[in-house]
K.L.:
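Just dropping this structure here.
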Number of protein chains: 2
Amino acid sequence: MIQAISLPTDDKLLNVQTLKASCAACSMHQLCLPMGLADADIDRLDKIIGRRRRVARDEPLYRKGDPFRNLYAVRFGHFKTYQVNAAGETQITGFQMAGELLGMDAISSECHHCDAVALEDSEVCEIPFGNLEELFGQVPTLLRHFHRMMSNEITREQNAMLLLGNMRAEQRFAVFLVNKSARYAARGYSPTQFALRMSREDIGNYLGLTIESISRLLSRFKKMGLLTIDKREVTLLDPARLKALAAGTEQCSPMA
Amino acid sequence: MIQAISLPTDDKLLNVQTLKASCAACSMHQLCLPMGLADADIDRLDKIIGRRRRVARDEPLYRKGDPFRNLYAVRFGHFKTYQVNAAGETQITGFQMAGELLGMDAISSECHHCDAVALEDSEVCEIPFGNLEELFGQVPTLLRHFHRMMSNEITREQNAMLLLGNMRAEQRFAVFLVNKSARYAARGYSPTQFALRMSREDIGNYLGLTIESISRLLSRFKKMGLLTIDKREVTLLDPARLKALAAGTEQCSPMA
DNA sequence: CGCGTGGTTGACCGATATCAACACTTGTGG
DNA sequence: CCACAAGTGTTGATATCGGTCAACCACGCG
C-alpha cells in the first residue's frame, strides 16, 4: 500500500510499468545480475524478472519496514539508501546507479531495513526474490554471481567504515569523487565530467560531514585547481592528484 | 604457506586439527550456518566441513591477499577483522564470536580483502566454499540461511556506518557495550558480566575514537554508576540507562 | 514580486585528538 | 629475588578540525 503512493498514475507511466524487462536487451547486463550468463540462462532470468517500475525524483522505492518481496536493479537514474535510528538520526549508506542492486540487506528479516529514495526520475527492474531463489538451483552461474554481488556490497561498506572512522574531511571527499568517477567510467561515461545527482546535504550526510564542510571543500578544491563546479556539474581537472588525496599519500594544507 | 606459520606445532594441537568438526554436536549449531536444518541435512553439511583449526592469540586466521578457499565459523574464542588502506590506516570492521562466520567479503574476488586475527586462543571450522556451493543446489534451506547471514552482515555494517557517521563518542561506546551484551546473552552467557577480549586501542579503532577517549569514557561511565570495570572485566550496573544512551534517547553531560 | 530551497562564506565554539607524564602489569634475564 | 624494559591503561593540558550559528546570495516558482 505504501509503495502504491509512490507510483505515478498517468497513463503513459502505467503503460511502461506493464512492460517486462529484458536483460538481454538491457545496456547494463554486463554489470548487473546477468553478468557472465549464457544466452539461454539470460532468457530464464528474463522469464522471472517482474515489471519495470518508474520512481519519480524524491519518491521512495521502498521504506523501512516494507515487506521484502523483490530485489531491484537500477535501469537508469540514481538512488540513495539511508538508515534511520530510534533517535531520528539518519545515515545515508550508499548511492546506487544503473546496474546496481538494491534491497540485499532485507533478505535476512523479510522486511526492509532502510529507505531507498530516487535522486532523480529513475527506473528499476523488479526481481521477485522467491523466483530468483528457485532459479538459483538451476543456474549455478547466476547463484555464484549473486554471491559476488552481495560480497561486493559487504566490501563496499567496509571501505565506508574505513572512510568514516579514519579519514579527514578532505580525504573523505576526494574518495567520494574518485569513486563516482570510476563508476561512471565503468558505465562508459566520462570519468572527469559528471553531475552530482545528490544535494550537498546528502553528500555531507554520507561522508559524516556537514553541508557547510562540503561547500568549503568544494571551494578549496576549486581554488587548488583540482576541479571546477557549476551547480552540480563537476569537472575533475587533476584526477591524479585527487587519487593521491583519496589514497592518503598526499595532503593539502587545511586553509591553503 | 603464510597460514602455516600461524599453526601451533605441538602434537596435541596438530591432533585436534585432524578432527572433523561435527555441526550436530556443536553447541553453536542453532546460531551458525546449520540453523534450522533437518538432521539429515546437517549430516550432509558435516560431510563437507573441513578440519578444525586452532588459531593462537594475535595470530592471523587469514590476511589480506590470501587466496579465498574457505569460510570460517568460529567454534570458540574471538576474532577481529580489519581493513588496511594504501596509506596504512587501519579500521577494525568487526569483532566475531562463537557461531559467527568469517570471510564472506572475499567471495567476490577470490582473495581476502581484510585481515582476521584471533583476540585469544580460538578455534574455527574450515568450510570449503566450493563444496558449500555444491551443497546449496541440494539443500535450499541451507542456501536460504546463508543468504540471511550475508544479508545480516550487510545490515550490521550499515549500522556501523550510522554509528561512525552520526553518533557522539558516548553514544558509540554505549552501543558497543549493549551490542556485546546482547550477543553474549544470545549465547547463554550473562548479559551484564563479561570480559572485553580486545584492547582499549581496538575498541577505539572500531568506534573511530582514540584509546584515550575510551579510557575516559570508561571512567565516566563508572563514575555515573553505569558499570564497573576491572582490567577487561565489565559489569553492567544499569543496562536500561545504557540502552537509552545507545538509542540516543538520553544523554549524559560531557563532564558530569 | 516575494518566498522557499539550496548553497556559500565567515566567526566562533566545542568535542575529541594530540601530546605528555605517570601507573600498573607482565615478562626477561642476571 | 630484583632490576629493567615493554606493553597497556589512566589522567591532565592543550590544540585543532569540523560543527554550529548566522548572514547572505542565487535560483526557481507560484
Side-chain angles (χ1 to χ4, degrees), chain A residues 57-58 80 89-92 117 119-120 163-176 195-224 227-234 245 248 251-256, chain B residues 56-58 80 89-92 117 119-120 163-174 176 195-224 227-234 245 248 251-256:
Chain A
R57 178 183 171 137
D58 292 331
K80 63 177 172 184
E89 298 151 327
T90 79
Q91 171 71 39
I92 293 178
V117 170
L119 293 170
E120 59 190 335
L163 178 143
L164 290 169
N166 280 289
M167 296 182 188
R168 302 247 240 68
E170 120 199 342
Q171 191 179 1
R172 294 185 198 193
F173 191 53
V175 168
F176 171 80
L196 303 173
R197 318 296 163 136
M198 66 296 289
S199 67
R200 307 286 195 267
E201 183 166 16
D202 282 345
I203 299 173
N205 183 295
Y206 177 63
L207 298 177
L209 300 169
T210 58
I211 183 173
E212 292 96 329
S213 290
I214 299 302
S215 191
R216 279 185 249 269
L217 283 165
L218 273 169
S219 301
R220 212 160 93 207
F221 281 14
K222 194 162 56 177
K223 207 178 295 173
M224 292 166 66
L227 52 75
T228 63
I229 176 96
D230 177 34
K231 316 233 185 201
R232 295 183 178 180
E233 289 293 328
V234 189
L245 281 173
Q251 297 188 27
C252 62
S253 46
M255 274 302 136
Chain B
R57 178 182 172 139
D58 292 331
K80 64 177 171 184
E89 298 150 327
T90 79
Q91 171 71 39
I92 293 177
V117 169
L119 293 171
E120 59 189 334
L163 178 142
L164 290 168
N166 279 289
M167 297 181 187
R168 301 248 240 68
E170 120 199 341
Q171 191 180 1
R172 294 186 198 192
F173 191 53
F176 172 80
L196 303 172
R197 318 294 163 137
M198 66 296 287
S199 66
R200 309 284 195 269
E201 184 165 16
D202 282 345
I203 300 173
N205 183 296
Y206 178 63
L207 297 177
L209 300 169
T210 58
I211 183 174
E212 293 95 328
S213 290
I214 301 302
S215 191
R216 280 184 247 269
L217 283 164
L218 272 170
S219 302
R220 211 159 96 207
F221 281 14
K222 194 161 55 175
K223 207 178 295 174
M224 291 166 67
L227 52 77
T228 63
I229 176 97
D230 177 35
K231 317 230 182 201
R232 293 183 179 181
E233 289 293 327
V234 189
L245 281 173
Q251 296 187 28
C252 62
S253 47
M255 275 302 137

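What you see is a predicted model, and the numbers here were worked out from it, not measured in a lab. Numbers restart at 1 for each chain; the letters A, B, ... are given by sequence-line order, proteins then strands.
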K.L.:
Check each of Asn205(B), Asp202(B), Ile203(B) against Ile214(B) using the side chain to side chain contact (heavy atoms under 4.5 Å, CB included) test, and report the only one that passes.
P.N.:
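Going through the options one by one, the only one that passes is Ile203(B).
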K.L.:
Given side chain to side chain contact (heavy atoms under 4.5 Å, CB included), test Gln171(B) with Leu163(B) step by step and report yes or no.
P.N.:
CA-CA 8 Å; Gln171(B) 191 180 1; Leu163(B) 178 142; over 6 Å; no
K.L.:
Distances for protein N/O vs nucleotides 7-10 of chain D N/O pairs under 3.5 angstrom?
P.N.:
| unit_1 | atom_1 | unit_2 | atom_2 | d |
| --- | --- | --- | --- | --- |
| dG9(D) | OP1 | Arg232(B) | NE | 3.3 |
| dG9(D) | OP1 | Arg232(B) | NH2 | 3.2 |
| dG9(D) | OP2 | Arg200(B) | N | 3.3 |
| dT10(D) | OP1 | Arg200(B) | NH2 | 3.2 |
| dT10(D) | OP2 | Arg200(B) | NE | 3.0 |
| dT10(D) | OP2 | Ser215(B) | OG | 2.8 |
| dT10(D) | O5' | Ser215(B) | OG | 3.0 |

K.L.:
Provide, to the nearest angstrom, the distance between the CZ atom belonging to Phe173(B) and the P atom belonging to dT16(C).
P.N.:
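After rounding, the reported distance stands at 14 Å.
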K.L.:
Which whole-number value in Å describes the distance from Asp58(B) CG to dA6(D) C1'?
P.N.:
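Atom CG in Asp58(B) sits about 14 Å away from atom C1' in dA6(D).
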K.L.:
May I ask you to evaluate whether Ser213(B) reaches the phosphate of dA15(C), defined as a side-chain N or O under 4.0 Å from OP1 or OP2?
P.N.:
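No, because none of the side-chain N or O atoms of Ser213(B) sits under 4.0 Å from OP1 or OP2 of dA15(C).
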K.L.:
Say you draw a straight line from NZ of Lys80(B) to OH of Tyr206(B); how long is it, rounded to the nearest 0.5 Å?
P.N.:
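Going from NZ on Lys80(B) over to OH on Tyr206(B), the span is 13.5 Å.
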K.L.:
Do you know the tightest heavy-atom contact between Ala174(A) and Leu245(A)?
P.N.:
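Between these two residues, the closest heavy atoms are CB-CB, 3.8 Å.
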K.L.:
Can you measure Asn166(A) atom CG to dG18(D) atom P for me and round it to whole angstrom units?
P.N.:
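Answer to the nearest Å: 13 Å.
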K.L.:
In whole angstrom, what separates Asp230(B)'s CG from dT25(C)'s C1'?
P.N.:
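It works out to 12 Å between those atoms.
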K.L.:
dT16(C) P sits how many Å from Leu163(B) CG, rounded?
P.N.:
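Rounded to whole Å, this separation is 12 Å.
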K.L.:
Which whole-number value in Å describes the distance from Glu170(A) CD to dT16(D) P?
P.N.:
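Atom-to-atom, Glu170(A) to dT16(D), this comes out as 16 Å.
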K.L.:
Determine the contact category for Thr210(B): base if any of its heavy atoms lies under 4.0 Å from a base atom, sugar-phosphate if only primed atoms, P, OP1 or OP2 are that close, otherwise nothing.
P.N.:
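It contacts base atoms.
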K.L.:
Expressed as a whole number of angstroms, how long is the span from Leu196(A):CG to dG7(C):C1'?
P.N.:
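It is 13 Å, rounded to the nearest whole Å.
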K.L.:
For Glu89(A), which residues count as a side chain to side chain donor-acceptor pair (under 3.5 Å) partner, sequence neighbours excluded?
P.N.:
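Testing Glu89(A) for side chain to side chain donor-acceptor pair (under 3.5 Å), a comparison that skips the adjacent residues, returns Asn85(A).
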K.L.:
Mind calculating the distance between CZ (Arg168(A)) and C1' (dG19(D)) to the nearest angstrom?
P.N.:
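Whole-Å distance recorded here is 16 Å.
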K.L.:
Say whether, by atom type as modelled, one donor and one acceptor occur between the side chain of Arg232(B) and the main chain of Ala195(B) under 3.5 angstrom.
P.N.:
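Not confirmed, Arg232(B) side chain does not pair with Ala195(B) backbone.
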K.L.:
Just to be sure I understand the rule, does Gly208(B) reach a base, reach only the sugar-phosphate, or reach nothing, if contact means heavy atoms closer than 4.0 Å?
P.N.:
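If one applies the 4.0 Å heavy-atom cut-off, Gly208(B) turns out to touch the sugar-phosphate alone, with no base involved.
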K.L.:
Checking the side chain of Arg197(A) only, and the main-chain atoms of Leu119(A) only, is there a donor and an acceptor separated by less than 3.5 Å?
P.N.:
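Looks like no, no N/O pair under 3.5 Å.
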